[in-house]
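Below is one structure, written out as structure tokens; comments come after it.
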There are 2 protein chains.
Amino acid sequence: MQPAAKLDAVPSATKPGECEYVLETQIGHLLRRAHQRHVAQFEKEVGDLDLTPTQFAALAKISERGEVSQNLLGRMTAMDPATIQGVIQRLMARGLIDRRPDPNDRRATLLRLSAPGRTLTREAIRRAHHVSKGVLEPLTPDDRAQLTALLRKLTDLT
Amino acid sequence: MQPAAKLDAVPSATKPGECEYVLETQIGHLLRRAHQRHVAQFEKEVGDLDLTPTQFAALAKISERGEVSQNLLGRMTAMDPATIQGVIQRLMARGLIDRRPDPNDRRATLLRLSAPGRTLTREAIRRAHHVSKGVLEPLTPDDRAQLTALLRKLTDLT
DNA sequence: AGCAGGTCGTTCGTATACATATGTGTCGTG
DNA sequence: CACGACACATATGTATACGAACGACCTGCT
């Protein structure tokens, strides 16, 4: 990313629905930036394990479920079938995941962690908790709970 | 994206910092999902103008500033120099943007909207307001203000 | 049994997103 | 004025992210 910026404050808002658009007040831009913040923090703290946030999410979820189909894993981690395919392929190439065909459904593939995968995931989970803490660090404890709750509501995660 | 999911609720949390990790409670995952929600909504409502959220952000910001250097635009829209380069290149190819070398700094390039770019941006801004409304629709008005404020705090946008 | 419609994994194409490297240009300091 | 540190735009490589299309397969209905 760029060197952080600190640009001049944003001036006047106009009435919405009109031809003015203050990027910095729009939810989409804010979400994008906040997400970027998390990715950066994750990279800084977990990057030396060579795991991206998505790769980690996949590992963590497999770890939680023991064995899942690739497609279900995708739904649980909010990844497109096309996306999860690439993620799994890269984790496979590193030997972190074992695959086997689903005996009950010949379309499906079942995934589980390999022994090295389990070890790496344990360590990554430890660090991931620290990442979450770091991301929320600018907020008060109350604000953190608020934000989490609001995002869950927004994303329909009850 | 996948057909939406509605998976079973998440069970028990363990004490954090330990070997449990409930993806659905972690800020990174929530931010990623919320961001996905916005991108999807944007695509649905602005997609037929063939604009992505980032392309639109660039156009909107150029429109606001009149003329900016590519690099400054990148900082204002939170895009890497490498990223903004690609975005601008595609908008240029469509004739939505005009370029000229900065007379005061031969490294820099100045960007402004072309006439078609201005027209398209006006229409896109109209729709973008509607997108923001749609994204926040699951929240109460109070919650919307709360969430926006918290994200601004988190992303250091004062 | 057989078929229609849907699902699972995969592939292709395009667009962010960012690290890294490079060539060119600017600027402050000596 | 010269030089080193830095800034700007670009190029390359990798990793999401997703639409669209595909072949293989499953399932419910007839």
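Per chain, numbering begins at 1; letters A, B, ... match sequence-line order.
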Check: Start at the 5' end of DNA chain C and walk down; is the nucleotide closest to A:R99 or to A:V39 reached first?
Finding: A:R99
Checklist line | Under 4.0 angstrom between A:Q85 side-chain N/O and D:dA17 OP1 or OP2 | finding: no
Next item on the list: Quick one: sort the B:F56 and A:Y21 rings into parallel, tilted or perpendicular, breaks at 30° and 60°.
Entry: perpendicular
Notebook entry, point to check: B:E43 CD to C:dA15 C1': how many Å, rounded?
Noted result: 11 Å
Check: In whole angstroms, how far is the P atom of C:dT10 from the CZ atom of A:R90?
Finding: 13 Å
Note to self: I want to check one thing: is the phosphate of D:dT16, taken as OP1 and OP2, less than 4.0 Å away from some side-chain N or O of A:T54?
What the structure shows: yes
Next item on the list: Nearest whole angstrom, please: distance from the P of C:dT16 to the CG of B:L91.
Entry: 8 Å
Checklist line | Of the listed nucleotides D:dC26, C:dT26, C:dA17, the one nearest the side chain of B:H35 | finding: C:dA17
Next item on the list: Identify whether the distance between the nearest side-chain nitrogen and carboxylate oxygen of B:E123 and B:R118 falls below 4.0 Å.
Entry: no
Checklist line | Rounded distance in Å - CG (B:D80) to P (D:dT12) | finding: 16 Å
Note to self: Is the phosphate of C:dT10 approached by A:Q89 (side-chain N or O, under 4.0 Å from OP1 or OP2)?
What the structure shows: no
Next item on the list: Kindly compute the distance separating OG1 (B:T121) from CG (B:L59), expressed to the nearest 0.5 Å.
Entry: 4.0 Å
Checklist line | Rounded interatomic separation in angstrom, taking CG from B:D102 and P from D:dC8 | finding: 10 Å
Margin query: In whole Å, I'd like the distance from the CD atom of A:Q70 to the C1' atom of C:dT11.
Written below: 13 Å
Margin query: We want to know whether A:E45 and A:H130 form a side-chain donor-acceptor pair, criterion being a heavy-atom distance below 3.5 angstrom.
Written below: yes
Next item on the list: Using the closest heavy atom to pick a nucleotide of DNA chain C for each, name whichever of A:T109 or B:P53 lands nearer the 5' end.
Entry: A:T109
Next item on the list: Ignoring backbone atoms, establish whether B:R106 has a side-chain N or O less than 4.0 Å from OP1 or OP2 of C:dT26.
Entry: yes
Next item on the list: Please determine if a side-chain N or O atom of B:T52 lies less than 4.0 Å away from the OP1 or OP2 oxygen of C:dA15.
Entry: no
Next item on the list: Would you mind reading off the distance between B:R33 atom CZ and D:dA17 atom C1', rounded to a whole angstrom?
Entry: 14 Å
Notebook entry, point to check: Expressed in angstrom and rounded to an integer, what is the separation of B:Q36 atom CD from C:dT16 atom P?
Noted result: 16 Å
Next item on the list: Could you tell me whether the side chain of A:R107 has a donor or acceptor atom within less than 3.5 Å of a complementary atom in the base of D:dA24?
Entry: no
